[in-house]
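Here is the structure we will look at.
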Amino acid sequence: MAYSEDHIALAAEYALGTLDAEERAQVETMMAVDSEFAALVQAWQFRLGPLNQMVGLVEPRPVVWDNIKAAIGPTSAPQAPLVLPETPATTVTPPPITDDPEFGSAFDPEPAQSPEPRRLPEARPPRVIFDERNVTALTGRVKRWRGIASAATAIAAALLITLGLQIYKPDALPNAIRPKPRIQTVEVKTPAPALTPSAQYVALLQGPNGGPAFIMTIDGATKNFTVRKVGAPSEPGKSFELWLISDKLPQPRSLGVIGADDFTARPVLSGYDPDVINGATYAVTVEQAGGSPNGQPTSAPIFTGKLIETVPGASGSPPR
């Protein structure tokens with residue numbers, strides 16, 4: 001489990017012994033329920049253990065003991081002095097003294113000299129040098145950790161407040177950090193104007209007998225025309241060709257071969273003036289297959305007709 005710097009500093013101060021009673025009780029409770037935190041405290045105790053060996057023994061002054069007795073108060077009955085139990089003395093019977101033939105009698109007038117006892121060197125306690133710089137450095141490090149944690153908390157709170165103001169009340173922020181307004185472009189599509197109906201023109205192309213052979217329709221706006229075959233019989237090897245005949249033109253103009261289908265559409269009238277289109281005579285001749293070879297009619301027209309307006313335009317103007 002990853003612990004914060006506050007937990008690590010708390011474990012170090014507990015091992016150092018600088019916590020008060022309430023904080024020590026809190027650490028001991030955490031050690032009882034969290035084995036990993038207890039291991040962390042033991043690691044700090046192992047690191048800081050040599051500091052206890054660096055501190056020498058100090059004999060307290062006599063006034064300290066007097067103050068302790070005064071704080072405890074006098075007792076109602078004097079306490080009896082402690083008496084240690086006596087160990088029974090053991091009687092040692094010396095061995096009988098006998099004369100030694102080699103060394104003589106034990107009662108010789110010259111007493112034997114006893115050897116001098118050997119004195120052991122006095123054991124001196126090792127000299128302990130206490131360096132206060134280690135404790136001062138550790139205390140300063142703990143204070144620095146707490147300062148860093150407090151600064152990080154303040155920065156996070158400031159960022160949270162700034163973010164809230166940017167979302168809910170951006171006008172309260174300075175111009176340097178105020179969010180720029182978003183510009184959204186909206187495309188509005190306007191409906192297309194309604195088409196104005198154009199004028200329609202029709203020419204009935206009929207023969208001498210009076211029956212309609214072709215119906216020619218012209219759109220006044222586009223000048224496109226459509227020719228519908230009604231009653232003209234087709235001749236094998238021949239083609240019907242449409243012509244525009246006007247007194248404003250020097251000679252007839254071909255508008256193309258009429259196809260074998262019922263409808264034939266052509267855009268060739270776009271190059272003519274409206275007056276020419278409206279006043280012209282439209283004629284159909286019978287030509288060889290594929291149309292006139294020289295661009296001029298090779299036979300007399302068999303079907304003719306002129307335009308009439310069937311559907312007026314918005315302004316009633318002729319095709320342009």
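The first residue in the sequence is number 1, and the count goes up from there.
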key: Inter-residue atom distance R228.CZ - D262.CG, 0.5 Å rounding   = 7.0 Å
Shared hydrophobic cluster, L249 / V284 (ILVMFWY, side-chain heavy atoms < 4.5 Å) = yes
query = Would a hydrophobic clustering, with Ile, Leu, Val, Met, Phe, Trp and Tyr connected at side-chain separations under 4.5 Å, put I155 with L160?
reply = no
task = Enter the distance from S234:OG to I258:CD1 here, rounded to the nearest 0.5 Å.
result = 10.0 Å
request  = Kindly work out whether a path of hydrophobic side-chain contacts (I/L/V/M/F/W/Y, heavy atoms less than 4.5 Å apart) joins I245 to V202.
outcome  = no
task = Verify, without hydrogens or angle tests, whether D20 (side chain) and E23 (backbone) share a donor-acceptor contact under 3.5 angstrom.
result = yes
key: K248 NZ to D275 CG distance, which is reported to the nearest 0.5 Å   = 4.0 Å
Heavy-atom side-chain contact between P301 and T304 under 4.5 Å = yes
Reported CG-to-OH distance for the pair N278 and Y201, which is rounded to 0.5 angstrom = 5.0 Å
task = Applying ring pair (Phe, Tyr, Trp, His ring centres under 6.0 Å), run through F214 and F240 and close with a yes or a no.
result = CA-CA 11 Å; F214 298 96; F240 293 110; 5.5 Å; yes
ask   = Are I8 and M31 joined in one hydrophobic group, where the rule is that I, L, V, M, F, W and Y side chains link up if heavy atoms are under 4.5 Å apart?
value = yes
query = Where the side chain of K229 meets the backbone of A213, is there a donor-acceptor pair that is under 3.5 Å apart?
reply = no
query = When clusters are formed by joining ILVMFWY residues with side-chain heavy atoms under 4.5 Å apart, either directly or through shared neighbours, do L205 and L244 land in the same one?
reply = yes
inquiry  = Quick check: do N224 and L269 have side-chain heavy atoms less than 4.5 Å from each other?
reply    = no
ask   = If you measure only the distance, is there a donor-acceptor pair under 3.5 Å linking the side chains of Q200 and E309?
value = no
Heavy-atom donor-acceptor pair, T285 side chain to E287 backbone, under 3.5 Å = no
key: From I302 atom CD1 to Q206 atom CD, the distance as rounded to the nearest 0.5 Å   = 13.0 Å
request  = Flag the pair L242 / M216 as yes when at least one side-chain heavy-atom distance between them is below 4.5 Å, and no otherwise.
outcome  = yes
query = Looking only at atom types and distance, does a side-chain atom of Y14 sit under 3.5 Å from a main-chain N or O of W44, one as donor and one as acceptor?
reply = no
message = Any donor-acceptor pair under 3.5 Å linking the side-chain atoms of D6 with those of S4?
response = no
message = Regarding Y3 and D34, do their side chains bring together a donor and an acceptor under 3.5 Å, going by distance alone?
response = yes
message = Regarding E13 and R24, does a basic nitrogen lie under 4.0 Å from an acidic carboxylate oxygen?
response = no
inquiry  = side-chain contact (heavy atoms from CB on, under 4.5 Å) for L204 and I308? Distances and angles first, verdict last.
reply    = CA-CA 9 Å; L204 296 177; I308 59 175; 5.9 Å; no
key: Criterion side-chain contact (heavy atoms from CB on, under 4.5 Å) on M30 and H7, from CA distance to verdict   = CA-CA 10 Å; M30 294 174 62; H7 287 81; 3.5 Å; yes
request  = Would you mind reporting whether I218 and Y282 have side-chain heavy atoms less than 4.5 Å apart?
outcome  = yes
query = Minimum heavy-atom separation for I277 to L307, with atom names?
reply = O-CD1, 3.3 Å
query = Heavy-atom distance under 4.5 Å between the side chains of V286 and S239, does that happen here?
reply = no
key: Which atom of A12 lies closest to which atom of L48, heavy atoms considered   = O-CD1, 3.7 Å
query = Should the heavy atoms of other residues, nucleotides or ligands under 6.0 Å from NZ of K306 be counted, would the total exceed 12?
reply = yes
key: Sub-4.5 Å side-chain heavy-atom contact between F37 and V27   = yes
query = Counting N and O atoms only, with roles assigned by atom type, does the side chain of T264 sit under 3.5 Å from a partner on the main chain of G259, one being a donor and the other an acceptor?
reply = yes
